[in-house]
Amino acid sequence: MKLVPLFDRVVLKQLVAEETTASGIVLPGQAKEKPSQAEVVAVGPGGVVDGKEIKMQVKVGDKVIYSKYAGTEVELDKEEYIVVKQNDILAVIE
Amino acid sequence: MKLVPLFDRVVLKQLVAEETTASGIVLPGQAKEKPSQAEVVAVGPGGVVDGKEIKMQVKVGDKVIYSKYAGTEVELDKEEYIVVKQNDILAVIE
Amino acid sequence: MKLVPLFDRVVLKQLVAEETTASGIVLPGQAKEKPSQAEVVAVGPGGVVDGKEIKMQVKVGDKVIYSKYAGTEVELDKEEYIVVKQNDILAVIE
Amino acid sequence: MKLVPLFDRVVLKQLVAEETTASGIVLPGQAKEKPSQAEVVAVGPGGVVDGKEIKMQVKVGDKVIYSKYAGTEVELDKEEYIVVKQNDILAVIE
Amino acid sequence: MKLVPLFDRVVLKQLVAEETTASGIVLPGQAKEKPSQAEVVAVGPGGVVDGKEIKMQVKVGDKVIYSKYAGTEVELDKEEYIVVKQNDILAVIE
Amino acid sequence: MKLVPLFDRVVLKQLVAEETTASGIVLPGQAKEKPSQAEVVAVGPGGVVDGKEIKMQVKVGDKVIYSKYAGTEVELDKEEYIVVKQNDILAVIE
Amino acid sequence: MKLVPLFDRVVLKQLVAEETTASGIVLPGQAKEKPSQAEVVAVGPGGVVDGKEIKMQVKVGDKVIYSKYAGTEVELDKEEYIVVKQNDILAVIE
């Protein structure tokens, strides 16, 4: 099963941020405030949304920063995804 | 009796999510937070909505994810439906 | 006396939902949460509303589902009506 | 002195609703929740409002239902009026 | 010194409403809820506002009713004025 | 160092309002509610803002009244400025 | 790794404001209310955003004042950035 987003929506998979404290202890990302880095796993077709032509600028595999308060969490086959509108993606990480 | 949605509205029937705990007990979906997976049971004709031409992208039988906070619950012949605007459908599950 | 709605407005008369409990007792609809099924009793002429051409899709006699939080209750000759914009009608019941 | 409304505004004079209880006592309308029936006493010229051409559909003398929460109360020569936009008039009573 | 309003703004000078009680005592208007009658003292040039051509309909000397909750109070040379957008003027008093 | 505003923004320097009480004591303006008179110190280039062509109507040196609740306070070289959109300027004082 | 902003977004790096009190003690900027001066480190391509052509006016290296309540804080490689829409940049400091 896979998610096929409509219009200008993008399916993201959050990246787990591992982090090491000064004393060297690794803190798994889940224990922290939810990070906003994610990988693009599916991209909608774009097209006319609210009467405006939207071209999709991101592609599957892109690592992106998205707005923390945007998007909807979705669970499919025990995996968690976030579905956002492309406009809620702030920047691509290169 | 059946629901014939107007404009860009879509009638959904929620899918019951069954789930098994680690110990093997099956929890029927209703006891959990309302899932947002649903099956499309009727699709409006689209057309000009708020002065913008809208084409319908989903079809009867599609399994979809819709925005948890969108839509209106409707009861007809003891069955519960959700009527959403197509734009509140985030993705199709394939 | 009758109500002649302006623009894209529609006058509805709520349908009283009778219901039978498991033990066979009939509960008149008024005692329940207000249902959102109604019959169309008058339809505005449509035309240009907020600069957008609106065509009326419902007709007198249609049974419809309307958004619970929409519309204005109006009393005329001891009868109660709801005046909604056509866009607040979710679906026609056939 | 008279009120000459600008643009798509309409000056209304509220109708006093008299009502008889089952026992025959007449209750003057003022003691009740403010009714929303009114008579049109002046109609603006319409024209371009917010960049959109608006044609006036009501005329002086029309009895109308208007949205309870719309409009501004105005007092002139000890008389009370309500100034509404035409779009806040729901229906004409015929 | 004088106020020259920009765009579709209008400078108003509130009219003091004197009032006589049943017993004949004159109550100066300032002690009452702020009235919304005013005289136009300056009119902006109109023109394109938010991409829409606006023509000015009121002129200096007009007595007008304006929306109680609109406008900004301004003090100049110990005199108080209200600056409103023309659209907040409900009607001219003739 | 100087502030060069973008688009339809205008940099203002608030005017200090000195005031004399009836008994002749001078109260420096800062102790009072913040006045809304200001001098224009820099004007953006205008141009297309939100898809609409905006022409700048004020110029450096103009004394203006601006909306009390608009704008952002900015400190540069120990001086305080207010950056507003031109549309938040109500009137020029001549 | 670097941030490549989409559309009309701009990546900023906040400038640390050092300040000396009257008695000569240096207060590092971080202890103060967050300043809104920043340096532009990356600029999106502009283009059609919400159906409107947007041209980018700022360039990498510009020192700018941005709206305190705008933007999203982003951490990358232990560095903190702010991603804003170009329209939230009030002025360039020259």
Side-chain angles (χ1 to χ4, degrees), chain D residues 1-15 30 34 36 38-62 64-90, chain E residues 7-10 12 14-24 26-27 29-40 43-44 46-71 82 84-94:
Chain D
M1 283 203 296
K2 63 174 191 171
L3 291 165
V4 181
L6 292 176
F7 305 107
D8 61 336
R9 288 204 168 87
V10 176
V11 181
L12 302 176
K13 179 97 191 107
Q14 224 172 265
L15 296 174
Q30 270 98 333
K34 193 197 301 185
S36 52
E39 191 177 329
V40 175
V41 297
V43 179
V48 177
V49 180
D50 283 338
K52 288 160 200 148
E53 179 71 28
I54 294 192
K55 288 208 184 116
M56 302 309 284
Q57 310 277 335
V58 294
K59 55 183 192 305
V60 173
D62 276 358
V64 299
I65 302 277
Y66 67 96
S67 174
K68 248 185 290 205
Y69 305 110
T72 305
E73 293 182 26
V74 165
E75 196 184 305
L76 190 71
D77 294 343
K78 309 283 183 200
E79 291 279 327
E80 290 222 348
Y81 300 96
I82 299 116
V83 183
V84 299
K85 289 173 167 263
Q86 179 178 249
N87 198 31
D88 292 320
I89 296 178
L90 304 174
Chain E
F7 306 107
D8 61 336
R9 288 203 169 88
V10 176
L12 302 176
Q14 224 172 265
L15 297 174
V16 178
E18 294 213 9
E19 198 149 295
T20 312
T21 65
S23 59
V26 176
L27 298 169
Q30 271 98 333
K32 302 195 327 172
E33 195 204 53
K34 192 198 301 183
S36 53
Q37 291 190 22
E39 191 178 328
V40 174
V43 179
V48 177
V49 180
D50 282 339
K52 288 160 201 150
E53 179 70 29
I54 294 193
K55 289 209 183 115
M56 301 310 283
Q57 310 277 336
V58 294
K59 56 183 192 305
V60 173
D62 277 357
K63 279 189 175 50
V64 299
I65 302 277
Y66 68 95
S67 173
K68 247 186 290 208
Y69 305 109
I82 300 115
V84 298
K85 290 173 166 262
Q86 178 178 250
N87 198 32
D88 292 319
I89 295 178
L90 304 174
V92 176
I93 304 170
E94 292 191 351

**Report entry** Structural part of E:Ile65 lying under 4.5 Å from a heavy atom of chain D
**Finding:** side chain

Query - Heavy-atom pair of closest approach, residues D:Val60 and D:Val43 - result: N-CG2, 4.0 Å

Report task. Can you tell which part of E:Val49 gets under 4.5 Å to a heavy atom of chain D, answering side chain, backbone, both or neither? Result -> neither

Report task. Mark yes or no for whether D:Gln86, through its side chain, and D:Gln57, through its backbone, hold a donor-acceptor pair below 3.5 Å. Result -> yes

Report summary line: From the list D:Gly44, D:Pro5, D:Ala42, the residue making the most non-hydrogen contacts under 4.5 Å with chain E is D:Pro5

Query raised in the report: Any donor-acceptor pair under 3.5 Å linking the side chain of D:Lys13 with the backbone of D:Glu80?
Result: yes

Requested in this report: Return yes when atom NZ of D:Lys52 has more than 12 non-hydrogen atoms of other residues, nucleotides or ligands closer than 6.0 Å, and no otherwise.
Outcome: yes

